[in-house]
A.B. asks: 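Mind having a look at this structure? Questions to follow.
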Amino acid sequence: MGKRVAKEVSIAVADAVAQCRVDVISAYPITPMTHIVEHLAELVNNGELDAEYIAVESEHAAMSACIGAAAAGARTFTSTAAQGLMFMYELLFIASGFRLPIVMVVVNRALSAPISIWNDHGDVMTMRDAGWIQTFAENGQEAVDLLYHAYRVAEKTMIPVAVNLDGFIVSHVVEPVELLDQEQVDKYLPPLKMKYKLDPKKPITMGAIGVPEIYTEVKKAQDEALKASYRVILQAWKDFEKITGKRYQPIETYWMEDAEVALVLMGSLSETAMNAVDKLRDQGKKVGLIRIRLWRPFPLQEFIKAIGKVKALCVFDRAMSYGSTGGPVGIEVRSALYQSNKRPKVLNLIGALGGRDVTVEDFEEIFDRTYSFIKAKPRFTYEIYGAKE
Amino acid sequence: MRPEWTKFKPVNIKELPKEDWIAPGHRGCQGCGTVLPIKLALKVLGPNTIAVSSTGCMEIITSPFPFTSWKIPWIHVAFENAATVASGIEAGLKALMRKGKISKKEWINVAVFAGDGATYDIGLQYVSGALERGHRIIYFCLDNEAYMNTGVQRSGGTPLFAHTTTSPAGKVIHGKVGWKKNLDGIVIAHGIPYFATANPIFFADFLNKVKKASLVEGPSFIHVYSTCPTGWGAKSEDTVTLCRLATETRIFPLFEVIDGKYYILNRKIDKPKPVEEYLKIQRRFRHLTPEEIELFQNKVNEEYERLVKLCEVFAPPKESS
Ligand SMILES: Cc1ncc(C[n+]2csc(CCOP(=O)(O)OP(=O)(O)O)c2C)c(N)n1
Ligand code: SF4
Ligand SMILES: [Mg+2]
């Protein structure tokens, strides 16, 4: 096991990418992901990482180059945020449709307009249906661990993986982070061997037209592959546990055994929420916390299990879905519960948008509201949390 | 000249392989002069080549699943980004060869076949990026002067006055407004090792250009005159005539530019045919008035003279043998 060293999380993530022995990096700078790729460029130019760094002219090009490189059999990396992710949008669907094991770190940032460099999940929620495996880190250590995991999973499933970490709040903090030893990484991540790639010795056609007779079947196969990736994802975490003793699972729970009300969250806000849970537990309130680490494929069974016997849930979304029935996570959760015989009330708040702070006190108040929601009539609606009148 | 060409031997046409790397039976129209250059280029590049296509006619006619016309590895990703996909492939191959993960005995050609729409318009930024970064790719712009795949809409490469579905020959506006975008100038300005225009009917010239491009250890770009009888309203049996006339009228002159600085005129046209001969066998030009034809003729002369001058002023240094 490596040493615990204090590092800016972006640098630690980049070091982990280098340990994964990527062959091709292709990225275009955008705040707050810049430090990751700057550090990688430095490693390449100092001869510490044997890789091609393609300094492309846009994010759309970054993903285009990753697709080309991966199709040729190379291990690839890119990273982006917000407008950059929007700009590469077209290709996200092509990468997954091609079943290429590309790994991308999304350093989550709010979308324009108005332009904002601060954190929320508006960017990544637009790729919710893009056919990528998507995980969310709570902190720097988890970001690094999810990065190793991403390559392992992507290359075993041939599905691209997006690792999400909150802009600034996670990406720019200095944190004690433990990287694996190089031998451990090499063991966890054997060299990429692709069954189908662009190889003159075994020519294949990639990107043919899907005529109506075949398109539906291709999409079905893709969906089945994404669902089947669930077991591979779990196994990859088990294997990671064998090396590090650290246990990861699709859903993280905190004080859920006897919880009456619970908060549902993704990303780094859960650290603040945990403090609120601790305070309320001290007061004897049976509150709990559910953090979704694996967003796609959505861990339906795990989620239903995790909610235990709660009477009301508050899903705290960090992205808009204008004019719909909730935030993206809220909609997902309600839809999941509809298929289950557990039917807690669901309060759906959308907040912490564009870098707005949500404090421990705010979460205490949110828990109070969730309590009073137990007796409320079910409402298929949502509320923007913390907006000034 | 370029160090890669010191032992350059021109292509021996008699020794060209019989085998085609793009199979017959594709769905191109009769007389399609856009697919022809791909077939010819692959005769030179051979099977040790990865091909990248942009979305467009050539992609559609060669890949309706479960069929494929490609006997070499081929990829199509999107409309605008073939140059960047090729950049990624090239970078991938380089890294994998350096690390000994694939054989480095022989470089694998990475060839792009992209339309004029994909090159002049939506993909210009991608082309520029790839050329600037210096990837070893061979970019063929198959210029059939409109968006054929989507039903003949105008592109930045559509000629002056040509009728297309988005530059129709109307009562007030007579077809495409403005001269073809100077794509050659833009590409040459990148100072890439090798640029050439090519016309498949000038067979030996075409093949040698492909060979030169394949030897260059950096980006090369070949702007290919590519007829489209369907989109141009020409007879399919006129493809060869059109190709010949395009160059003999000086509309599509053949030249090369080395390292962005040395210009070589490959075929001097001293007795040009009148452009009218070329225009009159295509329906896209049938609405032209005599004044418009004259204007067209004058512009062609002007452009050609400019090129001749460039070739005189920026002639390559004489090789000391
Ligand atoms: C982003 C995007 N915009 C538009 C299209 C529609 N489209 C597909 S091919 C094409 C035109 C292709 O023209 P060109 O590159 O000249 O190739 P040609 O078909 O003429 O050979 C267009 C507009 C697309 N596929 N993708
Ligand atoms: S429409 Fe034109 S370019 Fe397309 S296949 Fe037919 S002739 Fe060739
Ligand atoms: Mg065209």
Side-chain angles (χ1 to χ4, degrees), chain A residues 21-26 28 44 49-58 60-76 78 88 90-91 93-95 97-98 100 102 191-193 196-211 213-215 217-218, chain B residues 21 27 46-53 55 59-99 101-103 106 108-110 123 125-130 132-133 135 137:
Chain A
R21 300 190 192 278
V22 290
D23 300 305
V24 174
I25 301 149
S26 177
Y28 192 80
V44 170
L49 169 61
D50 187 4
E52 291 289 313
Y53 186 104
I54 315 179
V56 280
E57 76 291 341
S58 76
H60 192 284
M63 188 51 70
S64 303
C66 282
I67 289 173
R75 185 174 284 167
T76 55
T78 191
M88 65 167 66
E90 180 193 25
L91 297 160
F93 292 73
I94 299 180
F98 275 11
L100 294 174
I102 296 165
L192 169 60
K193 285 221 169 67
Y196 301 106
K197 61 174 182 173
L198 298 171
D199 176 4
K201 287 193 205 79
K202 249 173 88 186
I204 56 161
T205 285
M206 280 184 85
I209 316 168
V211 291
E213 290 72 22
I214 200 76
Y215 189 85
E217 287 69 22
V218 173
Chain B
W21 305 104
R27 302 189 178 189
N48 196 31
T49 302
I50 295 173
V52 185
S53 286
T55 311
E59 165 256 335
I60 299 284
I61 65 162
T62 59
S63 78
F65 188 88
F67 305 105
T68 182
S69 310
W70 298 90
K71 296 197 204 166
I72 55 172
W74 176 82
I75 185 170
H76 153 252
V77 177
F79 181 19
E80 61 288 320
N81 60 355
T84 321
V85 173
S87 305
I89 294 170
E90 182 251 18
L93 294 177
K94 258 174 142 176
L96 294 174
M97 283 183 182
R98 195 168 59 230
K99 296 181 185 188
K101 291 182 189 167
I102 58 174
S103 161
E106 204 183 344
I108 298 168
N109 299 310
V110 181
Q125 169 185 319
Y126 304 78
V127 174
S128 175
E132 179 263 324
R133 291 189 302 267
H135 297 280
I137 60 175

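Proteins come first, then strands; the chains are lettered A, B, ... in the order of their sequence lines, and each starts at number 1. Given the structure is predicted, the values throughout are model-derived calculations rather than measurements.
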A.B. asks: Is Asp23(A) paired with Lys99(B) through a side-chain N to carboxylate O contact shorter than 4.0 Å?
C.D. replies: yes
A.B. asks: If I compare all heavy atoms of Pro47(B) with all of Pro200(A), which pair ends up nearest, and what's the gap?
C.D. replies: O-CB, 3.6 Å
A.B. asks: Tell me, for Leu198(A) versus chain B, whether the close heavy atoms (under 4.5 Å) come from the side chain, the backbone, both or neither.
C.D. replies: both
A.B. asks: Which answer fits Glu213(A), side chain, backbone, both or neither, if we ask what part of it has an atom under 4.5 Å from a heavy atom of chain B?
C.D. replies: neither
A.B. asks: So what's closer than 4.5 Å to chain B heavy atoms on Tyr53(A): side chain, backbone, both or neither?
C.D. replies: neither
A.B. asks: In terms of heavy-atom pairs under 4.5 Å, which option from Thr76(A), Ile54(A), Val24(A) contacts chain B the most?
C.D. replies: Ile54(A)
A.B. asks: Using ring-ring contact (aromatic ring centres under 6.0 Å, His included) as the criterion, list what pairs up with His135(B), not counting sequence neighbours.
C.D. replies: none
A.B. asks: For Glu80(B), is it the side chain, the backbone, both or neither that has a heavy atom under 4.5 Å from a heavy atom of chain A?
C.D. replies: side chain
A.B. asks: Of all heavy-atom pairs between Gly92(B) and Ala74(A), which one has the smallest distance, and what is that distance?
C.D. replies: CA-CB, 3.9 Å
A.B. asks: Could you go step by step and tell me if Arg98(B) and Glu52(A) meet the side-chain contact (heavy atoms from CB on, under 4.5 Å) rule?
C.D. replies: CA-CA 10 Å; Arg98(B) 195 168 59 230; Glu52(A) 291 289 313; 2.6 Å; yes
A.B. asks: Between chain B and each of Ile67(A), Val56(A), Val211(A), count heavy-atom pairs under 4.5 Å; write down the option with the most.
C.D. replies: Val56(A)
A.B. asks: At a 4.5 Å cut-off on heavy atoms, which part of Ile72(B) comes close to chain A: side chain, backbone, both, or neither?
C.D. replies: backbone
A.B. asks: Given heavy-atom pairs under 4.5 angstrom as the criterion, report whether the side chain, backbone, both or neither of Ala71(A) touches chain B.
C.D. replies: side chain
A.B. asks: For the pair Val77(B) and Phe98(A), evaluate side-chain contact (heavy atoms from CB on, under 4.5 Å) and give the outcome as yes or no after the intermediate values.
C.D. replies: CA-CA 9 Å; Val77(B) 177; Phe98(A) 275 11; 3.8 Å; yes
A.B. asks: Counting only non-hydrogen atoms closer than 4.5 Å, does Ala55(A) touch chain B with its backbone (N, CA, C, O), its side chain (CB onward), both, or neither?
C.D. replies: backbone
A.B. asks: Check each atom of Ile102(B) against the heavy atoms of chain A and say whether the ones under 4.5 Å are side chain, backbone, both or neither.
C.D. replies: side chain
A.B. asks: Measure distances from Lys71(B) to the heavy atoms of chain A and classify the residue's part below 4.5 Å as side chain, backbone, both or neither.
C.D. replies: backbone
A.B. asks: At a heavy-atom distance under 4.5 Å, which candidate from Glu59(B), Glu132(B), Gln125(B) has the highest pair count against chain A?
C.D. replies: Gln125(B)
A.B. asks: Between Ile108(B), Asn81(B), Val110(B), which shows the greatest number of heavy-atom pairs under 4.5 Å with chain A?
C.D. replies: Asn81(B)
A.B. asks: Could you grab the distance from atom NZ of Lys197(A) to atom CD1 of Ile89(B), nearest 0.5 Å is fine?
C.D. replies: 12.5 Å
A.B. asks: Quick one: do the Ser64(A) and Thr84(B) side chains pair a donor with an acceptor below 3.5 Å?
C.D. replies: no
